Amino acid sequence: MQIAIDGPVAAGKGTVSKLAAKRLGFLYVDTGALYRTVSVFCDREKVDKNNENSVVDLIKKFRPRIELRNPNSSEIDGRLCTVLLNGQDISWEIRTPEASQGSSLVSRYLGVRDYLLDFQRELATKHSVVMEGRDIGTFVLPKAEIKIFLAGKIETRAKRRQLELQSRGEDVSLEKVVSDIQMRDRQDMERPLRPLKRADDSIEIDTSDMTIEEVVGKIVKLVKERLKNE
Ligand code: DC
């Protein structure tokens with residue numbers, strides 16, 4: 001079974017998807033982590049992320065090996081998933097504001113999106129998944145049985161992201177968080193290639209005034225109803 005969850009920055013996709021997957025016994029797949037890893041890889045190799053040819057050439061030449069998995073018992077430190085780049089744990093390195101912005105830049109390129117596409121689809125054929133990102137319901141898993149579009153007011157999303165950054169010792173003003181989110185959302189929605197867009201057959205959930213538990217409960221209920229009717 002495939003559950004696709006899309007939405008803008010800090011709508012709660014990660015936390016909600018992870019908990020719903022756990023409750024259902026499905027695999028949680030954070031596709032944003034893949035684009036973030038490509039961004040970190042570019043920085044390490046000193047490649048300009050605004051230069052499409054350089055980024056795509058780098059990926060094609062070195063074919064970085066990216067692994068996503070559930071954290072093991074020695075990795076319980078608040079992360080939602082463990083991400084390895086060529087065997088090295090970069091689970092926290094990909095969560096900085098620079099990697100957020102960088103991932104949005106490199107996600108505009110066809111060569112990058114296609115490099116990551118097979119990996120995403122393969123996971124969804126081997127496992128039942130809760131996969132979250134921007135183009136999951138519209139492009140990666142068009143036949144997903146349940147498609148959710150998570151939305152939320154900018155103030156609520158920004159506050160959430162600020163708390164998350166503060167818990168990691170990063171003190172950023174709310175104004176800066178709001179402007180970073182708006183810039184990234186605009187970039188993700190306005191890019192020509194597989195932009196963030198609500199799938200016509202998706203169910204929209206506005207998370208602004210809901211608790212995490214309420215959102216997870218709603219998704220799990222939708223899945224169970226669907227399974228009952230199969
Ligand atoms: O979900 P996230 O914030 O970790 O995603 C990081 C960036 O990756 C996001 O700004 C756009 C890009 N992305 C994408 O283009 N398609 C996806 N399916 C997931 C993420």
Side-chain angles (χ1 to χ4, degrees), residues 2-18 21 28-43 49-50 52 55-56 59 66 68 78-83 85 90-124 129-142 144 147-152 154 157-158 160-162 164-165 168 170 177-199 202 207:
Q2 300 175 344
I3 319 295
I5 302 195
D6 291 298
V9 173
K13 299 186 300 295
T15 311
V16 161
S17 303
K18 167 91 187 182
Y28 162 59
V29 185
D30 172 4
T31 63
L34 304 174
Y35 295 92
R36 287 169 178 273
T37 301
V38 169
S39 171
V40 166
F41 188 58
C42 289
D43 290 344
K49 295 186 290 296
N50 276 299
E52 178 168 2
V55 172
V56 175
I59 297 297
I66 306 174
L68 282 187
R79 67 182 69 184
L80 295 180
C81 66
T82 289
V83 184
L85 167 61
I90 57 160
S91 309
W92 286 114
E93 200 176 333
I94 60 168
R95 300 294 166 195
T96 62
E98 294 70 35
S100 298
Q101 184 48 28
S103 57
S104 182
L105 288 180
V106 299
S107 71
R108 295 172 301 167
Y109 309 144
L110 181 63
V112 170
R113 300 202 75 84
D114 279 350
Y115 182 71
L116 302 174
L117 183 62
D118 290 349
F119 180 70
Q120 297 169 66
R121 287 197 173 144
E122 201 181 306
L123 283 176
V129 290
V130 177
M131 187 176 284
E132 53 110 339
R134 302 291 188 290
D135 61 342
I136 310 305
T138 52
F139 188 81
V140 179
L141 304 178
K147 296 183 185 179
I148 307 286
F149 190 85
L150 285 189
I154 181 73
R157 295 192 284 123
R160 273 185 204 142
R161 185 48 48 97
Q162 189 192 33
E164 200 182 302
L165 290 167
R168 281 187 250 137
E170 293 192 43
V177 181
V178 168
S179 76
D180 283 357
I181 289 182
Q182 284 172 329
M183 178 164 77
R184 192 144 69 94
D185 278 345
R186 202 172 324 115
Q187 211 158 254
D188 295 343
M189 288 189 279
E190 291 178 1
R191 68 170 180 238
L193 194 66
R194 304 171 204 163
L196 166 64
K197 190 168 150 278
R198 193 189 146 175
S202 66
T207 66

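Order of listing sets the numbers, starting from 1, for every ligand and every atom in it. The shown structure was predicted, so the numbers you read here are calculated from the model rather than taken from an experiment.
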- Counting heavy atoms only, which part of Arg194 comes closer than 4.0 Å to ligand 1: side chain, backbone, both or neither? neither
- Task: Determine the minimum heavy-atom distance between Val83 and Ser91, stating which atoms define it.
- Result: N-OG, 3.0 Å
- Nearest protein heavy-atom contact for atom 6 (C) of ligand 1: which residue, which atom, what distance? Ser103 OG, 3.2 Å
- Query: Which residue, Ile148, Ile3, Ile136, forms the side-chain contact (heavy atoms from CB on, under 4.5 Å) with Val130?
  - Reply: Ile3
- Do Arg36 and ligand 1 have an N or O pair less than 3.5 Å apart? yes
- Task: Please confirm whether Val9 comes under 4.0 Å of ligand 1, counting heavy atoms of the residue only.
- Result: no
- Who's the nearest protein heavy-atom neighbour of atom 19 (C) of ligand 1, and how far? Thr31 OG1, 3.3 Å
- Message: If the threshold is 4.0 Å, N to carboxylate O, is there a salt bridge linking Asp114 and Arg194?
- Response: yes
- At under 4.0 Å between heavy atoms, which part of Arg184 makes contact with ligand 1: side chain, backbone, both or neither? side chain
- May I ask you to decide whether Asp30 forms a salt bridge with Arg95, counting only side-chain N to carboxylate O separations under 4.0 Å? yes
- Which bit of Asp135 is near ligand 1, meaning a heavy atom under 4.0 Å away: side chain, backbone, both or neither? both
- Query: Which atoms of ligand 1 have any heavy atom of Ser107 under 4.0 Å away?
  - Reply: 11 (C), 12 (C), 15 (O)
- Would you check the N or O atoms of Arg113, main chain and side chain alike, for any that come under 3.5 Å of an N or O of ligand 1? yes
- Message: For a quick test of reading the model, state the closest non-hydrogen atom pair linking Leu34 to Gln120 and the distance between them.
- Response: CD1-CG, 3.7 Å
- Query: What atoms of ligand 1 come closer than 4.0 angstrom to any heavy atom of Ser104?
  - Reply: 10 (O)
- What pair of heavy atoms forms the shortest contact from Ala99 to Val40, and how long is it? CB-CG2, 4.4 Å
- What protein heavy atom sits nearest atom 5 (O) of ligand 1, and how far away is it? Gly32 CA, 3.5 Å
- Starting from atom 17 (C) of ligand 1, find the nearest protein heavy-atom neighbour and note its residue, name and distance. Arg134 N, 3.4 Å
- Nearest protein heavy atom to atom 8 (O) of ligand 1, by residue and atom, and its distance? Tyr35 CB, 3.5 Å
- Task: Verify whether one side chain among Arg160 and Thr15 offers a donor that lies under 3.5 Å from an acceptor in the other.
- Result: no
- Residue pair Ile59 / Phe41, side-chain heavy-atom distance below 4.5 Å: yes
- Message: Applying a heavy-atom cut-off of 4.0 Å, say which part of Gln187 lies close to ligand 1: side chain, backbone, both or neither.
- Response: neither
- Kindly give the heavy-atom pair with the smallest separation between Pro97 and Glu170, and that separation in Å. CD-OE1, 3.2 Å
- Between Arg191 and ligand 1, which part of the residue brings a heavy atom under 4.0 Å of the ligand: side chain, backbone, both or neither? side chain
- Would you check whether Asp30 has a nitrogen or oxygen atom less than 3.5 angstrom from a nitrogen or oxygen atom of ligand 1? no
- Query: Under the salt bridge (charged side-chain N to carboxylate O under 4.0 Å, His left out) criterion, do Arg113 and Asp135 qualify, and how do the steps go?
  - Reply: CA-CA 10 Å; Arg113 300 202 75 84; Asp135 61 342; 2.8 Å; yes
